[in-house]
Amino acid sequence: VKPVDMVLTGGRVVNEDGIVDASIAVDGGRIVAIGDERLMPPARERIALDGLHVLPGAIDVHVHFREPGMPQKEDWATGSAAAAVGGVTTVFDMPNTIPPTDSVENFQLKLGAAKSKSIVDFGLYGLLGEHNLGDLEALAEAGVIGYKLFLGNTTGDLPCPSDGAVLEGFEILAGLGLRCSIHAENSPILFWRQNKLKAAGRDDVLAHLAARTDVVAVEALNRAATLADWTGARIHIVHESCARSLPFIRFWKERGVDMTVETLPQYLYLSAEMMLNPGGEVLRMNPPIREAAHQEPLWAALADGTIDMIATDHAPHAIEEKYGPRIWDLACGFPGVETSMALMLTAVADGRLSLERVATITSGAPARAFGLYGRKGAIRIGADADLAVVDLNRSATLSAAALHSRGKVSAYEGKEVKGVPVMTFVRGRMVAKDGEVVAEKGWGELVRPNMAPPAPRNLNTTMKAILEPGQRPWG
Ligand code: NCD
Ligand code: ZN
Ligand code: ZN
C-alpha cells in the first residue's frame with residue numbers, strides 16, 4: 001500500500017456531535033481515515049497525541065490584519081502567525097484597510113499580500129459602501145467570502161452608507177446569496193452623543209460607553225434585520241456586545257431572517273468597570289465593552305444558540321495609540337486571534353460550555369454560515385485536515401509580551417487560562433507547535449464561499465426592477 005502523508009495517533013477527536021478516541025490519517029491535505037490506530041494506513045510521518053484533544057481548526061470570521069496600508073499595526077505574516085499559534089486555521093479579513101477592499105483591483109492587492117505571507121487559510125471581505133454598489137457583483141466573482149457593512153463609525157472612518165444605499169446594497173446581495181457582516185451601531189446617534197460629551201468636557205474612560213449606550217446597538221441591529229427581512233439578504237451581526245439585543249435576535253431568527261451572530265471573548269470576560277483600573281483605557285473598542293451585567297446573558301446566549309459563534313475582532317494597534325489620558329484620542333480595538341481558543345477552553349474548564357459546543361462556535365457554525373462546511377468546520381473524511389490539537393490540562397498566563405501579533409497589547413494581562421492549543425495543522429501541514437510558528441510564509445490559501453441558492457424577496461420593488469424600462473411601481 002502507498003503510505004499516506006501523516007497519521008495522528010491516540011488523540012481524542014472532538015466534533016459538534018461528540019468525542020471519540022481515534023487516529024486521523026491525512027493525505028494530500030485532506031482527512032482520509034478516522035478510526036482505530038490498527039486500521040490506519042502506513043504513513044510517512046506519525047505523530048503520537050497521547051490523549052490530547054483534536055478540534056476542527058477554528059475559523060475566525062472577524063480579524064483585521066491591516067495589510068495593505070498599516071504595517072506598523074499588523075501584516076499578514078504577524079497576523080497569521082498569531083492565528084496559527086492560537087489554533088485558528090482560517091481567518092476572514094475585514095475591508096477597513098488602506099485602500100479599503102471596495103473594488104476588484106483593491107481585492108487583488110490584498111489577495112497578493114495574503115497569498116505571499118499568510119500561513120493560515122483566509123477569506124477576504126468586500127466592503128459594502130455607498131460609493132461601490134456597482135462593484136459588489138464583480139467582487140463576488142473575484143472571490144470575496146462575503147461583505148462588510150459599517151453602520152457605525154469605527155477605525156478607518158469609513159463613511160456609513162445612507163439607509164437608501166443599504167437597502168439597495170441588500171437588494172444586490174440578496175441576489176448574489178453571499179452573507180453581509182454588519183457592524184451594527186447607529187452612527188448619527190453615537191456622533192451626536194460623542195460631540196455633546198466632548199463639549200461638556202467628558203474625556204474619561206466611561207465617556208466612550210456613554211456615547212455608544214445600548215440603544216445605539218439595539219436600533220442598528222433591528223434596522224439591519226428589517227432590511228434583510230424585506231430583501232432576503234443574508235446577514236451576520238459582528239461583535240454582539242449587548243444583552244438587550246438578545247430578544248430581538250431571537251425574534252428575527254424565528255421570523256425566518258437568515259441571520260447569524262457572533263460575540264467576542266472580551267464581551268464575555270471583560271467589563272466597562274474594568275476600564276477604571278490603571279491602564280484600563282486599553283479596553284476602548286467598538287462597540288464598547290459594557291457593564292458586567294451583560295456578561296451572564298451573553299454567556300447563556302452563546303450556550304443556547306441565540307449567538308451562533310465566537311469571533312475575535314482581532315484589531316491590533318501600536319502600543320502608543322492605545323494608552324493615554326483622553327479616551328477620545330485612543331485607538332479602538334486590540335488583538336484577540338491568539339487567545340480566543342484558550343479562553344473558550346477555559347469556559348469548558350469552568351463548566352460554562354461543553355467541548356462539543358466549542359467545536360460548534362469556533363468552527364462548525366462559521367463554516368456553515370459562510371459556505372465552507374464540508375470542506376472545513378468538521379473532522380471528517382474528505383475535509384481539509386485543519387486541526388487544532390489542544391491540551392485541556394495545561395494552564396497558562398496570558399500576557400502581551402507573549403503575543404505574536406505586532407500589537408503587543410493584551411486586554412487579559414495576567415489572566416490564567418486552562419486549556420491551550422499545542423499544535424495547529426492547516427491542510428495537513430503543521431503551522432504552529434507549543435506557541436511557536438513552524439511553517440514557511442505563504443502556505444495559506446484563499447477560501448471561497450459555496451452558499452445555498454439565493455432567496456431574494458420583494459423583487460418587484462427593487463431599484464433594478466423599478467428602473468427597468470417600461471416598469472411602473474404598480475405594474
Ligand atoms: C476595529 C478596528 O480597529 O479595525 N476596531 C474596533 O474597535 N472593533 C474596527 C471594528 O471592528 O469596528
Ligand atoms: Zn466593527
Ligand atoms: Zn472589527
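These figures come from a predicted structure and were not determined experimentally. Numbers for residues simply follow the sequence, beginning at 1.
Side chain to side chain, Ser181 and Tyr125 meet the donor-acceptor criterion of an N or O pair below 3.5 Å. Side-chain atoms of Lys110 and Thr101 include a donor-acceptor pair closer than 3.5 Å. If you check the side chains of Glu262 and His239, you find no donor sitting under 3.5 Å from an acceptor. Between the side chains of Glu67 and Thr97, no donor N or O sits under 3.5 Å from an acceptor N or O. In summary, the side chains of His208 and Asn286 do present a donor paired with an acceptor at a separation below 3.5 Å, with no hydrogens or angles considered.
Looking at Asp434 and Arg394, a side-chain N of the basic residue comes within less than 4.0 Å of a carboxylate O on the acidic one, giving a salt bridge. Under a 4.0 Å N-O distance rule, the pair Glu445/Lys115 does not qualify as a salt bridge. Taking 4.0 Å as the cut-off between side-chain N and carboxylate O, Arg357 and Glu16 do not count as a salt-bridged pair.
Of the possible donor and acceptor atoms, none in the side chain of Glu281 sits under 3.5 Å from a partner among the backbone N and O of Lys322. The backbone N or O of Leu403 lies less than 3.5 Å from a partner atom in the side chain of Lys408, making a donor-acceptor pair. Looking only at distances, a side-chain donor or acceptor of Asp204 sits under 3.5 Å from a matching main-chain atom of Leu206. Checking side-chain atoms of Trp443 against main-chain N and O of Val426 turns up a donor-acceptor pair under 3.5 Å.
Residue Lys253 qualifies as enclosed at atom NZ: its count of foreign heavy atoms under 6.0 Å is above 12. Atom CZ of Arg250 sits in a crowded spot, with more than 12 heavy atoms from other residues, nucleotides or ligands closer than 6.0 Å. Within 6.0 Å of atom NZ in Lys198, more than 12 heavy atoms from other residues, nucleotides or ligands are found, so the atom counts as buried in its surroundings. Counted within 6.0 Å of CD on Gln72, heavy atoms from surrounding residues, nucleotides or ligands total more than 12; the atom is thus considered enclosed. Within 6.0 Å of CH2 on Trp328 lie more than 12 heavy atoms contributed by other residues, nucleotides or ligands.
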| said: With salt bridge (Lys or Arg N to Asp or Glu O under 4.0 Å) as the criterion, how do Arg429 and Glu440 come out once you've worked through the C-alpha distance, each side chain's angles and the decisive distance to 0.1 Å? | reply: CA-CA 10 Å; Arg429 177 179 289 196; Glu440 299 284 304; over 6 Å; no

| task | Starting from the C-alpha separation in whole Å, work towards a yes-or-no answer on salt bridge (Lys or Arg N to Asp or Glu O under 4.0 Å) for Arg30 and Asp5. | result | CA-CA 10 Å; Arg30 305 270 181 124; Asp5 290 338; over 6 Å; no

| message | Does Ser271 form a side chain to side chain donor-acceptor pair (under 3.5 Å) with Glu291? I'd like the steps, not just the answer. | response | CA-CA 5 Å; Ser271 65; Glu291 297 84 348; over 6 Å; no

| said: Glu240 vs Thr263, test: side chain to side chain donor-acceptor pair (under 3.5 Å). Steps then yes/no. | reply: CA-CA 5 Å; Glu240 182 54 67; Thr263 190; over 6 Å; no

| task | Would you sort out whether Arg179 and Asp258 count as a salt bridge (Lys or Arg N to Asp or Glu O under 4.0 Å), showing the intermediate values? | result | CA-CA 9 Å; Arg179 198 170 291 280; Asp258 190 338; 2.9 Å; yes

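In this structure, Leu353 and Ile361 have side chains that are in contact, with non-hydrogen atoms separated by less than 4.5 Å. Residues Glu141 and Val104 form no side-chain contact, since every pair of their non-hydrogen atoms from C-beta on lies 4.5 Å or further apart. When side chains are defined from C-beta on, Val348 does not count as touching Thr346, because their heavy atoms never get closer than 4.5 Å. For the pair Asp329/Arg326, a side-chain contact is recorded, criterion being any heavy-atom separation below 4.5 Å from C-beta on. With contacts defined as side-chain heavy-atom distances shorter than 4.5 Å, the pair Met285/Tyr267 qualifies. Phe92 is not listed as a side-chain neighbour of Asp60, based on a closest heavy-atom distance of 4.5 Å or more. Val61 is listed as a side-chain neighbour of His236, based on a closest heavy-atom distance under 4.5 Å. Residues Met309 and Val261 form no side-chain contact, since every pair of their non-hydrogen atoms from C-beta on lies 4.5 Å or further apart.
The salt bridge (charged side-chain N to carboxylate O under 4.0 Å, His left out) with Asp386 is formed by just one residue from the set Lys376, Arg375, Arg427; it is Lys376. Just one of Arg284, His64, Arg66 meets the side chain to side chain contact (heavy atoms under 4.5 Å, CB included) condition when paired with His317; it is Arg66. Considering Asp93, Leu111, Val447, Ile145 in turn, Leu111 is the only one that fulfils the side chain to side chain contact (heavy atoms under 4.5 Å, CB included) rule with Phe122.
Taking the six-membered ring for Trp and the full ring otherwise, the centers of Phe334 and His314 sit at least 6.0 Å from each other. The six-membered or imidazole ring of Trp299 lies near that of Tyr269, with a centre-to-centre distance under 6.0 Å.
Cation-pi geometry between Lys148 and Phe150 is met: under 6.0 angstrom from the ring centre, within 45 degrees of the axis.
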